[in-house]
Q: 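Below is the structure I would like to discuss, written out as structure tokens.
So that the names make sense, note that chain A is the first sequence line, chain B the second, and so on, each numbered from 1. Because the structure is predicted, anything quoted here is derived from the model rather than measured.
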Number of protein chains: 2
Amino acid sequence: MKELAAELGVSTATVSNAFNRPDQLSPQLRQRVFREAKRLGYNGPDAKARSLRTGRSQIIAVILAESLTYSLNDAVASELLSGIAEVLDEQHHTLLLLSGRQSPGQLPGSMSIADGFIVYGLMPSLELIDTLPPSRPLVAVDFNLDNQPTVHVDNLPASRAIADHALAQRPRRVGIITLRLTEQPCNGRVTEDLAWLTSGQTITRERLDGFYQALEAHDMAPASVPVWNVEENTHEVCAPVIAAILDLPDDERPDLLLCMSDRLALTALTLAEQRGLRVPEDLRLTGFDGIAEGQYRAPRLTTVRQNSVEKGRIAARIILGLDPAKDQRLDTELVIGESCP
Amino acid sequence: MKELAAELGVSTATVSNAFNRPDQLSPQLRQRVFREAKRLGYNGPDAKARSLRTGRSQIIAVILAESLTYSLNDAVASELLSGIAEVLDEQHHTLLLLSGRQSPGQLPGSMSIADGFIVYGLMPSLELIDTLPPSRPLVAVDFNLDNQPTVHVDNLPASRAIADHALAQRPRRVGIITLRLTEQPCNGRVTEDLAWLTSGQTITRERLDGFYQALEAHDMAPASVPVWNVEENTHEVCAPVIAAILDLPDDERPDLLLCMSDRLALTALTLAEQRGLRVPEDLRLTGFDGIAEGQYRAPRLTTVRQNSVEKGRIAARIILGLDPAKDQRLDTELVIGESCP
DNA sequence: CTGAAAGCGCTTACAG
DNA sequence: CTGAAAGCGCTTACAG
């Protein structure tokens, strides 16, 4: 820039103004600056210097509780990111992706470059959050953080509603499949010795509480309903647990599975098909999330649609100061598919 | 930092060294610096200033030819990003996500903050690439860029191989479904008046050339094989085109569909199921990519597996200087599923 | 082992 | 409409 200014015989302030404040100089001079810049291969002010000087980088960091690998391949996280990206794009901001699963000492220092932080999901340790610059905006998605705005859906009433729907036609045997319900990792049937996370800690617990309310309303004892847990919402991790359920003898196998995610329900659907179990005749399935894949397979999933894209949009709008920085709760929608009519 | 140094009675250089060069000061002093830093709420050197001073930000930008919304929801792009993220994480770098679909004037200036650029897929205009700082490393993925290293698979032989496999059992009627083959957008049957992109421009054309070689090797005239094109690799955009194919009268409907992506093949599979067409008995299907979803549905897809995660890893390694900056070609693997045994 | 000083490339309030 | 100057918060070569 200095070089360019010298070449043009103007000050660096003028060059800077040419790029940032068109009204501060004549259009002719501005054009001359641009022409000369192009000739010298100067593509505008350096972002590093600009961000140091102005204090803003136009970068928003998204901190994901899961690994990036998992999040990028998870439909719900991808939709959330889409919504965020959409708003950031519009507002000429960019997206920096970070995982909260870093070893504590290894946090990339580049984190602090961001103008704001969207934190998605409860991570193993909140330590990371403490190291974020306190002056910059932060919004939590799908979990609660003291004194910070959060964007989320009302999990309990939503899961209550879908369970009510499913239980209206009385099943012989119900089963529930949860995601990361227990304090200790568990892939399989949840036994009594395992402690559960609280509903303040995880949306899984909120959803389970909704199921339990519905069971009670239908005169079924929650304690009599077996719960299986899965640690990761991927086909690979879900499949063995679900296979074990479906391979139970006919008089033990549930004919209704309430699943905490569409991925779980879809995996159950695939494994049921492979075993010649008909859905919904032999096995009814409900999901949660409303991901696209669940709606374009046959049978379509009965599920709770949460608008993850919109969740992302709102989080981004709060971070950018376009929406007020307060808690936002999104509505959900019960979607009745053929998997549990 | 100045404040912290003053508080401690040392110079800012010492504080800086405490964070960056442990060997430059006594452990005792270092601990004292950390304690005091914590007390004052100082979380280490500011990334903006550091990056300006050192010239490096520890940020790598990925520029996606498609919109972020599309890319985040596309399995292949997500796998690529996973591979990139995995290596960047290890190396304490972070990922900045950018779309190449920006309106030209609206490019976020924050782009130039990155230490290197991974460009995925051919974008509508190469203008954007010209504005990248020429001194920083750049690697292209899945397309060619003059004088820049590229990471890609050998599309032509791979598609030749899968078509050879499919044609070995002679079909009555073959159909081909392409992705963005034509210069002008086209969703549906490709008519003669539409110009095709060249194989230098798009991997779609390379794949089509592979199909054509296989057709000729099996004494079938490529010109006699109908080609349908789809502009976006999503269920929503693919479905109407494929529905039209499947709804052709029995004596016109292909009994073998060579699809350029697994998404296309999976959409065909779903729509075929809905119409009571049996796969592979009534309709054989081949895909391309080898995404997970294609391998855990029944029937599993016959496809070409390309290791997109590894592609991402390699691109990241090149950008970080861990691998030599030269063209890398990855092997593919023919996967025989039940959709075309 | 520690500190004084230069400078990374900008933007901006201010003076002219 | 234009320019001189300060300073954003660091790192680093160098002197001590």
Side-chain angles (χ1 to χ4, degrees), chain A residues 1-34 36-37 40-59 108-115 131 133-136, chain B residues 1-34 36-37 40-59 92 108-115 131-136:
Chain A
M1 177 153 155
K2 221 154 57 180
E3 191 186 326
L4 173 59
E7 192 79 14
L8 285 159
V10 300
S11 76
T12 59
T14 300
V15 176
S16 172
N17 284 333
F19 283 97
N20 301 316
R21 306 176 151 197
D23 54 310
Q24 294 294 304
L25 73 177
S26 69
Q28 297 88 328
L29 178 56
R30 186 156 185 254
Q31 286 314 312
R32 200 157 73 83
V33 173
F34 286 162
E36 192 66 9
L40 292 177
Y42 178 80
N43 284 312
D46 175 82
K48 296 196 248 303
R50 183 209 295 251
S51 69
L52 173 59
R53 177 56 229 237
T54 62
R56 294 185 309 107
S57 61
Q58 316 275 88
I59 290 174
S110 44
M111 221 169 50
S112 68
I113 216 164
D115 293 340
T131 71
S135 59
R136 282 175 237 165
Chain B
M1 177 152 153
K2 220 155 54 181
E3 191 187 326
L4 173 59
E7 192 80 13
L8 285 159
V10 300
S11 76
T12 59
T14 300
V15 176
S16 171
N17 284 334
F19 283 97
N20 301 318
R21 305 174 153 199
D23 56 309
Q24 295 293 303
L25 72 176
S26 69
Q28 296 88 327
L29 178 56
R30 186 154 185 254
Q31 286 313 315
R32 199 157 72 83
V33 172
F34 286 162
E36 192 67 10
L40 292 177
Y42 178 80
N43 283 311
D46 175 83
K48 297 195 247 303
R50 184 209 293 252
S51 70
L52 173 59
R53 177 55 229 239
T54 63
R56 293 185 308 106
S57 59
Q58 316 277 88
I59 291 174
H92 308 126
S110 44
M111 218 168 54
S112 67
I113 218 161
D115 293 340
T131 70
L132 299 178
S135 58
R136 282 175 239 165

Q: Could you tell me which residues satisfy salt bridge (Lys or Arg N to Asp or Glu O under 4.0 Å) with Glu3(B), sequence neighbours excluded, listed by chain and number?
A: none
Q: Looking only at heavy atoms, which two atoms of Arg30(B) and Ala18(B) are closest? And how far apart?
A: NE-O, 2.6 Å
Q: Do the side chain of Ser16(A) and the main chain of Thr12(A) share a donor and acceptor less than 3.5 angstrom apart?
A: no
Q: Between the side chain of Ser112(A) and the main-chain N/O of Ala47(B), is any donor-acceptor distance below 3.5 Å?
A: yes
Q: Anything under 4.0 Å to a heavy atom of chain A counts; send over the first and last such nucleotide of DNA chain C, read 5' to 3'.
A: dG9(C) to dT12(C)
Q: Take atom CZ of Arg56(A) as the centre, draw a 6.0 Å sphere, and report whether it contains more than 12 heavy atoms from other residues, nucleotides or ligands.
A: no
Q: With rounding to the nearest 0.5 angstrom, report the CD to CD1 distance, Gln58(B) to Ile113(A).
A: 10.0 Å
Q: Dot-bracket for DNA chain C, please, read 5' to 3', with Watson-Crick or G-U wobble pairs under 3.5 Å on both distances, ( ) within the strand, [ ] crossing, | other strand, . unpaired.
A: |||.||||||||.|||
Q: Going by number, which of residues 11-21 of chain B have a non-hydrogen atom under 4.0 Å from DNA chain D?
A: Ala13(B), Ser16(B), Asn17(B), Asn20(B), Arg21(B)
Q: Please confirm whether the backbone N or O of Ala114(A) pairs with a side-chain atom of Arg136(A), one donor and one acceptor, at under 3.5 Å?
A: yes
Q: Heavy-atom contacts under 4.0 Å between residues 40-54 of chain A and DNA chain D, which residues?
A: Leu52(A), Arg53(A)
Q: In chain order, what residues pass the side-chain hydrogen bond (donor to acceptor under 3.5 Å, both in side chains) check against Asp115(B), with sequence neighbours excluded?
A: Ser57(B)
Q: Sequence neighbours excluded, which residues qualify as side-chain contact (heavy atoms from CB on, under 4.5 Å) partners of Asn17(B)?
A: Arg21(B), Gln24(B), Leu25(B)
Q: Going by side-chain hydrogen bond (donor to acceptor under 3.5 Å, both in side chains), name the residues that satisfy it together with Thr14(A), two or more places apart in sequence or in a different chain.
A: Ser11(A)
Q: Who pairs with Arg32(A) by side-chain hydrogen bond (donor to acceptor under 3.5 Å, both in side chains), at least two apart in sequence or on another chain?
A: none
Q: Go through the structure and list residues passing ring pair (Phe, Tyr, Trp, His ring centres under 6.0 Å) with Tyr42(A), not counting sequence neighbours.
A: Phe19(A)
